[in-house]
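Just so we're clear, the structure is a prediction, and the values are computed from it rather than from any experiment.
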Amino acid sequence: MVTTAAVGQVMAAQANFVRVKVDALEGAASADEEPLQRRLLCVVRALLKKIKQEVLVGDRVRLVGIDWTDGRGMVEEVLPRSSQLAEPAVANVNHVLLVFSAALPAFQPSPATRYLLSAEAAWLPVTVAINKADLVEERQLEAVVQQVTSWGYRAVPVSVVSGAGLDELTEVLRGRVTVVAGPSGAGKSSIINALRLRSLGLDGTLDAMSAEPSGAADAAHAADATDAAGSSGGEDREGEAGEDGCGGGEARAQDGAQPPTGAAQQQEQHRDGGPSSSGQQQRRGTIAAGQELPASLELQAVGQVSQRIGRGKHTTRNVTLLELEGSGGLVVDTPGFNQPSLDFPAGELWQHFPEMRRLVEEERCAFRGCQHLAEPGCVVREAQLERYPLYAEIHAELRVLEDQAATRQASKKRREGSVRMKSRAGGQQGAEARLDSKVHRRVSRRSVKQRLTELVRDVEEDAAF
Ligand SMILES: Nc1nc2c(ncn2[C@@H]2O[C@H](COP(=O)(O)OP(=O)(O)OP(=O)(O)O)[C@@H](O)[C@H]2O)c(=O)[nH]1
Ligand SMILES: [Mg+2]
């Protein structure tokens, strides 16, 4: 019997396709099939789209209509999620690894705090990696690690050049589904590549991959040259090649790494320019020097840090779920952005500062619902925490946003009023109460009929798949 239904996890998503790794079958497989661990290129059932059921990277899904020969299938159902992040949009994550660099770009408490807050707002455990340890003096590195530790986080110093900290990170990520986030250029993709190669018993340091580390003299040169060329107004498209993760090929090199060539050489790749890209762009890839890479291994693209603006160039463009062999861990590489947006109530802010949370949990703040701002005798306010001024600043920002939202809402209500005029027969105008949209209004028979017709068509389309 040939298996045509299975369960799997969405590893990558783009446009109308998702790439699903199969991990359980419904029914028996035929002897000549090896469906487990297969990656299938899948469409999403039209009915799911109709009910606005999004299919996210990380989702566990039920597949039907599987064609093992062509490697295709259809997502019929999204299984219940244990968590869902909005930015990046990923499901079933249970840990966040925030990557900052000690230098290039330099570690700065204020932007770092905003990244930490946006991770905290997802109510997930957070670990911090301080990357590029090779670029700073031991003393300087220790100071940053101490600072982050004093905020209440586990901080792991890492260098993808020397390999320091990679074993510790492997342990931190073991058995977890981790989203890796942080500023562009901090080295998220480099760390992920290094960990994945390490998990296969290969050398994943930048040297071995022949990628140029930040701070390398020729890297500065290359970055300057790119900047000087004015690469489409600072919008560097490096590293986009092959990032869709949905190409359907089992053994496709994703972000620069190629199937084994055995040679430590730079490789150029090309990609058709998308609508926003100005024609074809070339980019530098990474190749594991003299190492036998499994043909199915897809490494992430690694970009340069701009010497001019001191930031990364947003090399990673898509959210992708990647496996760490042996440790059972899954990691999600994400595009770095410059400043994460904070979108939660000001009253919740203190809970996203672990050092404040600890003080309150130890019942050292006597006031219920205390905002730790103006309340006299509040121990949190008087504890002289290093990040307290940042807390006050961000609290004020969130309050302004809340006030603006409330004003907008009130003026919308005022504008609309509670009565509306309606034309009656004979050109008469009459007043009637304005109902809250879509609350009291009855759906017209025509729309019901139209919806049913569309539904029948979708069901027929799915059945024909
Ligand atoms: N010196 C040094 N350079 C590093 C290290 N890790 C990464 N780099 C370099 O930092 C630059 C940016 O690395 P990426 O891995 O592309 O950074 P990213 O965080 O994924 O960036 P985005 O995808 O743009 O968000 C590259 O030139 C890497 O070679 C490190 O530990 N030491
Ligand atoms: Mg990246």
Closest heavy-atom pair and its distance - [X], [Y]:
| X | Y | result |
| --- | --- | --- |
| Val156 | Gly165 | CG1-O, 4.0 Å |
| Leu321 | Val10 | CD2-O, 3.5 Å |
| Leu141 | Ala133 | CD2-CB, 3.7 Å |
| Arg198 | Gly163 | NH2-O, 4.2 Å |
| Pro105 | Lys132 | CD-NZ, 4.4 Å |
| Ala6 | Leu25 | CB-CD2, 4.0 Å |

What do you reckon, are the aromatic ring centroids of Tyr388 and His372 less than 6.0 Å apart?
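Tyr388 vs His372: aromatic centres not under 6.0 Å.
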
Roughly how far apart are [X] [atom1] and [Y] [atom2], rounded to 0.5 Å?
| X | Y | atom1 | atom2 | result |
| --- | --- | --- | --- | --- |
| Phe344 | Gln351 | CZ | CD | 10.0 Å |
| Leu124 | His95 | CG | NE2 | 9.0 Å |
| Ser101 | Asn131 | OG | CG | 7.0 Å |
| Arg399 | Gln404 | CZ | CD | 12.5 Å |
| Leu116 | Leu98 | CG | CG | 5.5 Å |
| Arg45 | Arg62 | CZ | CZ | 9.5 Å |

For Glu397, give me all partners under salt bridge (Lys or Arg N to Asp or Glu O under 4.0 Å), at least two apart in sequence or on another chain.
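Result, salt bridge (Lys or Arg N to Asp or Glu O under 4.0 Å) vs Glu397: Arg114.
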
Do [X] and [Y] come within less than 4.5 Å of each other through their side chains, counting heavy atoms only?
| X | Y | value |
| --- | --- | --- |
| Pro354 | Glu120 | yes |
| Thr127 | Val96 | no |
| Ile394 | Leu342 | yes |
| Lys50 | Glu454 | yes |
| Ser327 | Leu173 | no |
| Leu322 | Val332 | no |
| Leu63 | Val7 | no |
| Val18 | Leu41 | no |

Have [X] and [Y] got a donor and an acceptor in their side chains that come within less than 3.5 Å?
| X | Y | answer |
| --- | --- | --- |
| Gln300 | Asn193 | no |
| Ser189 | Asp333 | yes |
| Trp151 | Glu386 | yes |
| Arg387 | Thr113 | yes |

Pair Ser199, Thr170 - check side chain to side chain contact (heavy atoms under 4.5 Å, CB included), show working.
CA-CA 8 Å; Ser199 74; Thr170 302; over 6 Å; no

Look at the side chain of [X] and the backbone N and O of [Y], then say whether any donor-acceptor pair between them is shorter than 3.5 Å.
| X | Y | result |
| --- | --- | --- |
| Asp70 | Asp67 | no |
| Arg176 | Val172 | yes |
| Lys188 | Pro183 | yes |

Show your working on side chain to side chain contact (heavy atoms under 4.5 Å, CB included) between Val136 and Phe107 and close with a plain yes or no.
CA-CA 11 Å; Val136 293; Phe107 180 80; over 6 Å; no

Show your reasoning for whether side chain to side chain contact (heavy atoms under 4.5 Å, CB included) applies to Leu40 and Val22.
CA-CA 8 Å; Leu40 303 175; Val22 173; 3.6 Å; yes

Would you call Glu54 and Lys49 a salt bridge, taking side-chain N to carboxylate O under 4.0 Å as the test?
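Salt bridge flag = no for Lys49 with Glu54.
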
Just do the salt bridge (charged side-chain N to carboxylate O under 4.0 Å, His left out) check on Glu361 and Arg358 with the steps written out, would you?
CA-CA 5 Å; Glu361 273 162 17; Arg358 190 173 50 81; over 6 Å; no

Derivation and outcome, side chain to side chain contact (heavy atoms under 4.5 Å, CB included), residues Val177 and Asn92
CA-CA 7 Å; Val177 185; Asn92 299 321; 5.6 Å; no

So for atom CG, which belongs to Asp343, do other residues, nucleotides or ligands contribute more than 12 heavy atoms lying within a distance under 6.0 Å?
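No.
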
